[in-house]
Amino acid sequence: MSLKKHILDLRKRKEQVQKGGGDKAIEKQVARGKQTARERILALLDKESFTEYDLFVEHEARDFGMDKKQLHGDGVIIGTGTIYGAPICIFAQDFTVEGGSLGLMHARKITKIMDHALKMRVPLIGINDSGGARIQEGVNALAGYGEIFYRNTMASGVIPQISVILGPCAGGAVYSPALTDFVFVVDNISKMFITGPGVIKSVLGEEISMEDLGGARVHAEITGNAHFFSDSEDECFEQIKKLITYIPWSNSKKAKVFPPKPSKFKGNIEDLIPSDPKQPYDVRDVIRAIVDNSDFFEIQELWAANIVIGFGRLNGETVGFVANQPLVLAGVLDCDSSDKAARFIRYCDAFNIPIVTLEDMPGYLPGVDQEHAGVIRHGAKVLYAYSEATVPKVTVILRKAYGGGYIAMNSRHLGADFMFAWPMAEIAVMGPEGAANIIFRKDIEEAEDADAMRALKVQEYKEKFANPYVAAAKGYIDSVIEPNETRKLLLHAIEVSTDKDDHRPDKKHGIPPF
């Protein structure tokens, strides 16, 4: 056969394999409102940047009639490409091929691109759309999942790992996304669950829909398993592209620095916070008043909303923000918000991203439910994460900093490099009203006008303890600043911390309060 015929044969084979499960299967995929695996990759990556590997891999199963089935690419596409010029390794499960089920060769393709990503020190993106383990392959399918989970763990903290759920992700398969850094879901398309509705009905007798069990909103709002929620696949891809601009390729690099842009905020930052300490406000407005171009990329917006986390830029450099949200539960820390903050802090630390903490919180959420849910253990995760982190850490106390909350939110005592406080900040063991009621209980009870005496003692407590100057006098606060100085001082703090070197005791690893 001549070279020309070989080339024509190659092209014919490629065309056949690239159709996945065939025209009818593709039509069903489209009817479900889903793109094909190949369309998803091409939509996400830079134009003409995708290079595919292992196109002609086939399964090796021979039982239960599998020897008669030809599964093109064994139901998964792998390769490399770029997003805004940044190198990426990627895989996408193809639901049109045997429901995207995972067999041995399917898993080997995924682990191959995972190994490549780790070796080349570039981000890994996995698009999940699979019915789960291929039953016909038995333990080989389970072995495949185990190999994937192991690599997820080895790559953790070394390269960014992104999971995109664009179809079912069921059973043991859900643990791979759970081990990655960021999980993206799309409304009415994404499904994640350990056991399906049929199993629940047969065991518990309960009727439940797949959407209620593990739909996109469930994981974005209730479980916290998802970090980004969108209404369409295209919107999801834009979120991923934006995220890629904020994070480094690996833990040996820093995120790309963009041309500095001033904040678009034109008002007075001090007007964003009510003078009444009991009045709520949106802390995201404060962040947008500080960051370059007022562009704040929030993470897990719909879950544990009493804490706000996300990326912004200061002088073009990526910074991670952790901020109490007074709009929700007065910004207290509870089990979920502690988990949310601690995980993000550890991500920033692993990938050389400075952390800015904006504090305004009355402490940990009290109550029997929280105590029984383990708020002590969950809350300790924040203490551990901040203490462990060696990246530049800057805290600004905006208003309230009470009790254990003051310590937990990156205090000087946990290793903060810079501590600033606005002049209205209240730093104390507890709120002035509660403290006055305890300390001056007898004076208040014996006074002719108890309310007047209480107000007097509250003011006395504020003047003596609940203000930033007491902490500043002890050196716990570096400076009491005017609100409009915040951006300037943060820029300076990040700049002088560029070459921070923080030595820690030699050990294999610590033991966080998981």
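Atoms considered below: every heavy atom in the structure, side chains included; atoms not considered: hydrogens, waters and symmetry mates.
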Under 4.0 Å between a side-chain nitrogen and a carboxylate oxygen: does that hold for R487 and D292? yes

Is it the case that the side chains of T357 and Y386 hold a donor-acceptor pair, with the cut-off being a distance below 3.5 Å and no angle test?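 Y386 vs T357: donor-acceptor pair found between side chains.
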
Going by atom types only, do T223 and N225 share a side-chain donor-acceptor pair under 3.5 Å? yes

With salt bridge (charged side-chain N to carboxylate O under 4.0 Å, His left out) as the rule and sequence neighbours excluded, what pairs involving [range] come up?
| range | value |
| --- | --- |
| residues 244-263 | K254-E317 |
| residues 300-313 | R284-E301 |
| residues 396-411 | D360-R399 |

For K340, give me all partners under salt bridge (Lys or Arg N to Asp or Glu O under 4.0 Å), at least two apart in sequence or on another chain.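 Here no residue qualifies.
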
Residues in salt bridge (Lys or Arg N to Asp or Glu O under 4.0 Å) with E27, at least two apart? none

Over all atoms of both residues, closest heavy-atom pair of P177 and S163: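 Of all heavy-atom pairs spanning P177 and S163, the closest is CA-OG, 3.3 Å.
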
Nearest non-hydrogen partners of D181 and P160, listed with the distance: OD2-CA, 3.4 Å

Distance-only, no hydrogens or angles: does the S387 side chain make a donor-acceptor pair with backbone N or O of Y384 under 3.5 Å?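 No; zero donor-acceptor contacts below 3.5 Å.
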
Would you confirm whether Q35, through its side chain, and E233, through its main-chain N or O, come within 3.5 Å as a donor-acceptor pair? no

CG of L358 to OG1 of T486, rounded to nearest 0.5 Å, is 8.5 Å

May I have the list of side-chain donor-acceptor pairs in residues 361-373 shorter than 3.5 Å, sequence neighbours left out?
unit_1 : atom_1 : unit_2 : atom_2 : d
Y364   : OH     : G379   : O      : 3.1
Q370   : OE1    : C335   : N      : 3.0

